Undergrad: 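Submitted below is the structure of interest, expressed as structure tokens.
Computed from a prediction, not measured in an experiment: that's the story for all the values here. Start at 1 with the first residue, then count along the sequence.
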Amino acid sequence: MQLLMVIWPNLINELTGKKHASFFYYVGYGQPFPEKWIEEVKSVGAIPHIAWEPNDGLDVVKDDEYLRTFARRLRETEVPVFLRFASEMNGAWTAYTGDPEKYVEKWRLVHDVMEEEAPNVIMVWTVFTFPQSNILDYYPGDDYVDWVGVNIYNVVYHNNDTRQKAAHEDPLELLDFVYNNFRNVVWGGN
């Protein structure tokens, strides 16, 4: 798997016959910095996009050596890096859901450390399309978010359960709530 991770961006470009602008990679919070993957992404002229997820819960996110070192390593890439910290927090399936105040506190901590240590990092706040009822509770504020993202899955059934039909869901309608609430968030607004 390690070898595939290192050659993936080049292989994807080759297989598709297209030069991709960005590549995406999941890193669990607390896991090692993905140096080889970032170097490969840079070698094809693309922007790294890291989903950095505190899968052990928000309490592990502290202003400590791990966070500071990760930030400094991001700065050392000398390229813009999209950092999607703790996405889909509005869904019950993540380990960092259920406490919007703590989430906002930890998001702002990560943002402030990145701003100080790695100004090349673009903080991407990404929700899932539903539930919508709690999305606004998790918003860290315009001064702490560079870009807003949204995850939308177009499936026939949710969770592979035929009782949870999804064929009636229009992906454009699923996007409406996030778009209508956050369309004015502009990169560089902080």
Undergrad: Check the orientation of Y103 and Y138. Use parallel for under 30°, tilted for 30 to 60°, and perpendicular for over 60°.
TA: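 Perpendicular, since the angle between the ring planes exceeds 60°.
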
Undergrad: Relative to the ring of F23, is the ring of H20 parallel (under 30°), tilted (30 to 60°) or perpendicular (over 60°)?
TA: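 Ring orientation, 0 to 90° scale: tilted.
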
Undergrad: Dump the intermediate steps for salt bridge (Lys or Arg N to Asp or Glu O under 4.0 Å) on E39 and K42, then the final yes or no.
TA: CA-CA 5 Å; E39 289 304 316; K42 287 173 52 177; 3.7 Å; yes

Undergrad: Under 3.5 Å, side chain of N151 to main-chain N/O of F128, donor-acceptor pair present?
TA: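 A pair under 3.5 Å: no.
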
Undergrad: To the nearest 0.5 Å, what is the distance between CG (N13) and NZ (K19)?
TA: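 Separation between the atoms: 8.0 Å.
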
Undergrad: Let me confirm one number: the CG-CH2 distance from D146 to W125, rounded to the nearest 0.5 Å.
TA: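 Reported to 0.5 Å precision, the distance equals 13.5 Å.
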
Undergrad: After noting the C-alpha distance and the side-chain angles of T69 and E117, does the key distance pass the side chain to side chain contact (heavy atoms under 4.5 Å, CB included) rule?
TA: CA-CA 9 Å; T69 299; E117 299 279 1; over 6 Å; no

Undergrad: Identify the two heavy atoms, one from P9 and one from V44, that lie closest to each other, and give their separation to 0.1 Å.
TA: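 Taking P9 first and V44 second, the nearest heavy atoms are CB-CG2, 4.0 Å.
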
Undergrad: Taking S22 for its side chain and I47 for its backbone only, find out whether a donor-acceptor pair lies under 3.5 Å.
TA: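 Yes, the answer is positive, given that a donor and an acceptor are paired below the 3.5 Å cut-off.
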
Undergrad: Do the side chains of D59 and K102 get close enough for a salt bridge, i.e. N-O under 4.0 angstrom?
TA: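 Looking at D59 and K102, the cut-off is met.
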
Undergrad: Could you tell me whether R75 and E116 have a side-chain N and a carboxylate O separated by less than 4.0 Å?
TA: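 No.
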
Undergrad: Under 3.5 Å, side chain of N90 to main-chain N/O of N134, donor-acceptor pair present?
TA: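 A pair under 3.5 Å: no.
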
Undergrad: In terms of ring plane angle, is the pair Y25 and W37 parallel, tilted or perpendicular, where the classes change at 30° and 60°?
TA: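 Because their plane-to-plane angle is under 30°, the rings of Y25 and W37 count as parallel.
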
Undergrad: Any donor-acceptor pair under 3.5 Å linking the side chain of R84 with the backbone of V124?
TA: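 Checking the backbone N and O of V124 against the side chain of R84, no donor-acceptor pair under 3.5 Å is found.
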
Undergrad: Which atom names give the shortest non-hydrogen contact between V60 and P54, and what distance separates them?
TA: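 Heavy atoms of V60 and P54 come nearest at CG2-CB, 4.2 Å.
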
Undergrad: Counting N and O atoms only, with roles assigned by atom type, does the side chain of D64 sit under 3.5 Å from a partner on the main chain of L67, one being a donor and the other an acceptor?
TA: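 Checking the backbone N and O of L67 against the side chain of D64, a donor-acceptor pair under 3.5 Å is found.
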
Undergrad: Do T94 and E53 come close enough that some side-chain heavy atom pair is under 4.5 Å?
TA: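 Contact flag for T94/E53 side chains = no.
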
Undergrad: Dump the intermediate steps for ring-ring contact (aromatic ring centres under 6.0 Å, His included) on Y144 and W107, then the final yes or no.
TA: CA-CA 8 Å; Y144 296 91; W107 174 279; 9.0 Å; no

Undergrad: Would you say the ring centroid of Y29 lies under 6.0 angstrom from that of Y66?
TA: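 Distance test on ring centres: under 6.0 Å, yes.
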
Undergrad: If you compare all heavy atoms of V27 against all heavy atoms of P32, which two are closest, and at what distance to 0.1 Å?
TA: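 Nearest pair, atom of V27 first, then P32: CG1-O, 4.0 Å.
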
Undergrad: Report yes if some heavy atom in the side chain of T77 is under 4.5 Å from a heavy atom in the side chain of P48; otherwise report no.
TA: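 SC-SC contact between T77 and P48 ruled out.
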
Undergrad: So E76 and R73, do their side chains get closer than 4.5 Å, heavy atoms only?
TA: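 Yes, their side chains come closer than 4.5 Å.
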
Undergrad: Walk me through whether F177 and T129 qualify under side chain to side chain contact (heavy atoms under 4.5 Å, CB included).
TA: CA-CA 8 Å; F177 180 85; T129 54; over 6 Å; no

Undergrad: Is there side-chain contact between E78 and N120, with at least one heavy-atom pair below 4.5 Å?
TA: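 No, their side chains stay 4.5 Å or more apart.
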
Undergrad: Heavy atoms, side chains only, cut-off 4.5 Å: are V150 and F182 in contact?
TA: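 The answer is no; the side chains never approach within 4.5 Å.
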
Undergrad: Determine the minimum heavy-atom distance between P100 and D137, stating which atoms define it.
TA: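 Here P100 and D137 meet closest at CB-O, 3.4 Å.
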
Undergrad: Which value, rounded to the nearest 0.5 Å, describes the distance between L83 atom CG and H111 atom NE2?
TA: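 Reported to 0.5 Å precision, the distance equals 11.0 Å.
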
Undergrad: Using side-chain heavy atoms (C-beta onward) and a distance below 4.5 Å, is V110 in contact with F70?
TA: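 The answer is no, as the side chains (C-beta and beyond) never meet within the 4.5 Å cut-off.
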
Undergrad: Could you tell me whether the side chain of R68 and the main chain of V113 form a donor-acceptor pair under 3.5 Å?
TA: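 A pair under 3.5 Å: no.
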
Undergrad: Spell out, yes or no, whether V121 and F24 are grouped together once hydrophobic residues are joined by side-chain heavy atoms under 4.5 Å, including indirect joins.
TA: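 Different clusters.
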
Undergrad: Indicate if Y26 and L74 have the same hydrophobic cluster label, given that clusters are the connected sets of ILVMFWY residues with side-chain heavy-atom separations under 4.5 angstrom.
TA: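 No, Y26 does not connect to L74 through the hydrophobic network.
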
Undergrad: Could you tell me whether Y179 atom OH has more than 12 heavy atoms of other residues or ligands within 6.0 Å of it?
TA: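 Counting other residues, nucleotides and ligands, OH of Y179 stays at 12 neighbours or fewer.
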
Undergrad: Test side chain to side chain contact (heavy atoms under 4.5 Å, CB included) on M89 and V127; report intermediate values, then the result.
TA: CA-CA 6 Å; M89 77 304 294; V127 299; 3.8 Å; yes

Undergrad: Specify the closest pair of heavy atoms between A118 and A71, including all atoms of both residues, with the distance to one decimal.
TA: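 Looking at all heavy atoms of both residues, the shortest contact is CB-O, 3.2 Å.
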
Undergrad: Rounded to the nearest 0.5 Å, what's the gap from CG on D112 to CG on D63? Could you check?
TA: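 It is 9.0 Å, given to the nearest 0.5 Å.
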
Undergrad: Do D99 and Y96 meet the criterion of a side-chain donor-acceptor pair at a distance under 3.5 Å?
TA: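 No pair is found: no donor N or O on one side chain lies under 3.5 Å from an acceptor on the other.
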
